[in-house]
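For reference, the structure discussed in these notes is given below.
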Amino acid sequence: MTPEEFDIRRHFSILYEKIYSKPLVYLDNGATTQKPNCVLDKMRYIYEHLNSNVHRGVHYLSNQCTDLMEEARRVVARHLNAREDAEIIFTRGTTESINLLAFSFGETFCKEGDEIVVTEMEHHSNIVPWQMLCQRKGMTLRVLPILDNGDLDLAQLDTLLNERTKILCVTHVSNVLGTVNPVKDIVAKAHAKNIPVLVDGAQSVPHMAVDVQDIDCDFLAFSGHKVYAPTGIGVLYGKREYLDKMVPYHGGGEMIEKVSFSGTTYNVIPFKFEAGTPNYVGVIALAEALKFVDQIGFQYIEAHEQVLIQYTLGQLQKLVNVTIIGNPQKRSGAISFMIDNAHPYDVGMILDKSGVAVRTGHHCAQPLMERLGIPGTVRASFGIYNDKLDIDQFVKAVRVAANMLSK
């Protein structure tokens, strides 16, 4: 069955909602995606028929949920092409994954005088945890700048990376500009100096095939809710050679081997990093979402979304009052723009009255906004269920906003 025959939109009941009596055009996928019925059905089935805490019981329900959760870990490992299931750690999302890494990696491998390198286009969740580590340890945070078109200034990477650099942290796809960074090349440059690399995959995993072995990244984080799964579930992939050595992030049940008042020994990975009752229903639903995506196939998803991006860019460029922010060599997932000097919030409100959902503001990327010299943008971000009819309604609404707000 082809994706067209599959009729992707019919799997998302929310897309048939009316907003102010207008058809819903959902272009806020960079913030969160809608959930297909199969994911919602899976969650309901677990709660109605199999619900029980995992890894702790000998009874039927507990064993069933445990099996489904660990099968989900295998699904995620296959999706990312991880070397082994144990390299997949379940978290609440990208933010927690990076906080876990910043604490556990930092406590294990970092000391005063060391350096961390991030980029100018990072989301706050890939900046603030590293700043906190630097403050704790007396380290320095260094920043790889961007070029005016929104690409990274990779010519400066070699001079930023040195013997004091403990880790390089880079987003795969900018959540603001849609810039697709050449992470495989970046990782190779860092590895040439024995520096590990974290890739923030929050905006890439939903839009393209991500192969951690091919990229050769040491860590990768992503959120389930951006790839058609529920909120509150995410993944940190890490190479065993690092995870085995890293200290735990949280203490409690499941992450231990033996506890006594004289001392505690820790469990093996991945359980060492999964303290307490996990979001096992979210984990199982994440696997269902990834299987749904795989059924459509990234060959179709990438091609379809590129058609939408180019079509949207072409339509917006016809509007004289609209400025598109950034012109990267390769773009995925999102387009940010401004209307003259209009505040992005005002634009978003007008679009909302036309049934069009977009994101406005600084998009948790204030350092990037400072570099661009703007307070924020309007961002349209795309999903597998969007089509040209969505774009036409969106552009029509932008035209109305431009006529109302342009000076």
Next on the checklist: Between S204 and H172, is there a side-chain donor-acceptor contact under 3.5 Å, judged purely by atom types and distance?
Outcome noted: yes
Next on the checklist: How long is the straight-line distance from OG of S381 back to NE2 of H363, given to the nearest 0.5 Å?
Outcome noted: 9.0 Å
Next on the checklist: Using 0.5 Å steps for rounding, measure from the SG atom of C169 to the CD1 atom of I167.
Outcome noted: 4.5 Å
Checklist entry - About how many Å separate OG1 of T119 and CD1 of I127, when rounded to the nearest 0.5 Å? => result 7.5 Å
Item to check | D41/R44 salt bridge by N-O under 4.0 Å criterion | outcome: no
Checklist entry - Is any side-chain heavy atom of T165 closer than 4.5 Å to a side-chain heavy atom of N162? => result yes
Checklist entry - Do the non-hydrogen side-chain atoms of T140 and C134 ever get within less than 4.5 Å of each other? => result no
Checklist entry - Which is it for L177 and L368 under the side-chain contact (heavy atoms from CB on, under 4.5 Å) test, yes or no, and what are the steps along the way? => result CA-CA 10 Å; L177 305 172; L368 176 59; 4.2 Å; yes
Next on the checklist: Taking R136 first and then E107, would you say they form a salt bridge - that is, a charged N and a carboxylate O separated by under 4.0 Å?
Outcome noted: yes
Checklist entry - Which word best sums up how the rings of F337 and F394 line up, parallel for under 30°, tilted for 30 to 60°, or perpendicular for over 60°? => result perpendicular
Checklist entry - Counting N and O atoms only, with roles assigned by atom type, does the side chain of D218 sit under 3.5 Å from a partner on the main chain of V197, one being a donor and the other an acceptor? => result yes
Checklist entry - Could you go step by step and tell me if H79 and D294 meet the side chain to side chain donor-acceptor pair (under 3.5 Å) rule? => result CA-CA 8 Å; H79 193 83; D294 289 339; 3.2 Å; yes
Item to check | No-hydrogen, no-angle side-chain donor-acceptor test under 3.5 Å, S97 and T91 | outcome: yes
Checklist entry - With no hydrogens and no angle check, is any side-chain donor or acceptor of S336 less than 3.5 Å from a backbone partner on V176? => result yes
Checklist entry - Between K35 and F12, is NZ or CZ placed under 6.0 angstrom from the six-membered ring centre and within 45° of the ring axis? => result no
Checklist entry - Aromatic ring centroids of H362 and H124 under 6.0 Å? => result yes
Checklist entry - Would you find a donor on one side and an acceptor on the other, under 3.5 Å apart, between the side chain of D114 and the backbone of K111? => result yes
Next on the checklist: Keeping D340 on the side-chain end and V322 on the backbone end, is there a donor-acceptor pair under 3.5 Å?
Outcome noted: no
Next on the checklist: Taking D244's backbone N and O only, do any of them form a donor-acceptor pair with K272's side chain (distance below 3.5 Å, no angle check)?
Outcome noted: yes
Item to check | Evaluation steps, side-chain contact (heavy atoms from CB on, under 4.5 Å), between I324 and L313 | outcome: CA-CA 8 Å; I324 295 169; L313 287 170; 3.6 Å; yes
Next on the checklist: Counting the benzene-type ring for Trp, do H55 and F271 have ring centres under 6.0 Å apart?
Outcome noted: yes
Checklist outcome for this item: Value for CE (M132) from CG (L141), rounded to nearest 0.5 Å, stands at 13.0 Å
Next on the checklist: Under a 4.0 Å threshold between the charged nitrogen and the carboxylate oxygen, would R379 count as salt-bridged to D28?
Outcome noted: yes
Item to check | Mutual orientation of the aromatic rings belonging to F105 and F219 [parallel < 30°, tilted 30-60°, perpendicular > 60°] | outcome: perpendicular
Checklist entry - How long is the gap from CD1 on I146 to CD on Q156, to the nearest 0.5 Å? => result 11.5 Å
Checklist entry - With no hydrogens and no angle check, is any side-chain donor or acceptor of S62 less than 3.5 Å from a backbone partner on G57? => result yes
Checklist entry - Can you tell if the side chain of L198 reaches within under 4.5 Å of the side chain of L168, non-hydrogen atoms only? => result no
Next on the checklist: Quick one, N126 with T171, criterion side chain to side chain donor-acceptor pair (under 3.5 Å). Give me CA distance, side-chain angles, the key distance, then yes/no.
Outcome noted: CA-CA 8 Å; N126 206 18; T171 186; over 6 Å; no
Next on the checklist: If we check side-chain contact (heavy atoms from CB on, under 4.5 Å) with V398, which of these qualifies: T312, I339, V378, N403?
Outcome noted: I339
Item to check | Expected output: side-chain K226 to main-chain G30 donor-acceptor under 3.5 Å | outcome: yes
Checklist entry - Going by heavy atoms in the side chains, are V170 and L152 under 4.5 Å from each other? => result yes
Next on the checklist: For a side chain to side chain donor-acceptor pair (under 3.5 Å) check, start with the C-alpha distance between T94 and S223, then their side-chain angles and the critical distance, and finish with the verdict.
Outcome noted: CA-CA 5 Å; T94 305; S223 296; 2.6 Å; yes
Checklist entry - What is the ring orientation for Y228 with Y385, classed by angle as parallel under 30°, tilted 30 to 60°, or perpendicular over 60°? => result perpendicular
Checklist entry - Can the ring centroids of F292 and H11 be said to lie less than 6.0 angstrom from one another? => result yes
Checklist entry - In this structure, which one of K166, K137, R164 forms a salt bridge (charged side-chain N to carboxylate O under 4.0 Å, His left out) with E115? => result R164
Next on the checklist: Check this for me: does any side-chain nitrogen of one of D216 and K184 sit under 4.0 Å from a carboxylate oxygen of the other?
Outcome noted: no
Item to check | side-chain contact (heavy atoms from CB on, under 4.5 Å) between S13 and N37, worked out | outcome: CA-CA 7 Å; S13 298; N37 295 330; 3.0 Å; yes
Next on the checklist: Using modelled atom types and a 3.5 Å cut-off, is there a donor and acceptor pairing between side-chain atoms of K193 and backbone atoms of L161?
Outcome noted: yes
Checklist entry - Measuring from M43:CE to N51:CG, what's the distance to the nearest 0.5 Å? => result 11.0 Å
Checklist entry - Are there more than 12 heavy atoms of other residues, nucleotides or ligands under 6.0 Å from atom CD of Q299? => result no
Item to check | Close side-chain approach of V293 and I301, heavy atoms under 4.5 Å | outcome: yes
Checklist entry - Going through the distances and angles, do R78 and E71 end up as a salt bridge (charged side-chain N to carboxylate O under 4.0 Å, His left out)? => result CA-CA 11 Å; R78 287 195 300 270; E71 172 57 26; 3.5 Å; yes
Next on the checklist: Within the structure provided, determine whether V210 and L220 are in side-chain contact (heavy-atom separation under 4.5 Å).
Outcome noted: yes
Checklist entry - So, D85 and R73, do they make that salt bridge, N to O below 4.0 Å? => result no
Item to check | Under-4.0 Å salt bridge between R240 and E87 | outcome: no
Checklist entry - Would E305 and H207 count as a side chain to side chain donor-acceptor pair (under 3.5 Å) if you check the C-alpha gap in whole Å, the side-chain angles of each, and the deciding distance to 0.1 Å? => result CA-CA 8 Å; E305 292 185 357; H207 301 290; 2.6 Å; yes
Checklist entry - Ignoring hydrogens and geometry, is there a side-chain-to-backbone donor-acceptor pair from T179 to S174 under 3.5 Å? => result no
Item to check | Donor-acceptor side-chain pairing of N386 and N29 below 3.5 angstrom | outcome: yes
Checklist entry - Under 4.0 Å between a Lys/Arg side-chain N and an Asp/Glu carboxylate O for E122 and R371? => result no
Next on the checklist: Distance alone, cut at 3.5 Å: any donor-acceptor contact between the side chains of D387 and H304?
Outcome noted: no
Checklist entry - Hey, does the side chain of E257 reach the backbone of V268 with a donor-acceptor pair shorter than 3.5 angstrom? => result no
Next on the checklist: Is there a side-chain contact (heavy atoms from CB on, under 4.5 Å) between F222 and V227? Walk through the geometry before answering.
Outcome noted: CA-CA 9 Å; F222 76 92; V227 64; 4.2 Å; yes
Item to check | Lys/Arg N to Asp/Glu carboxylate O, K22 vs D352, below 4.0 Å | outcome: no
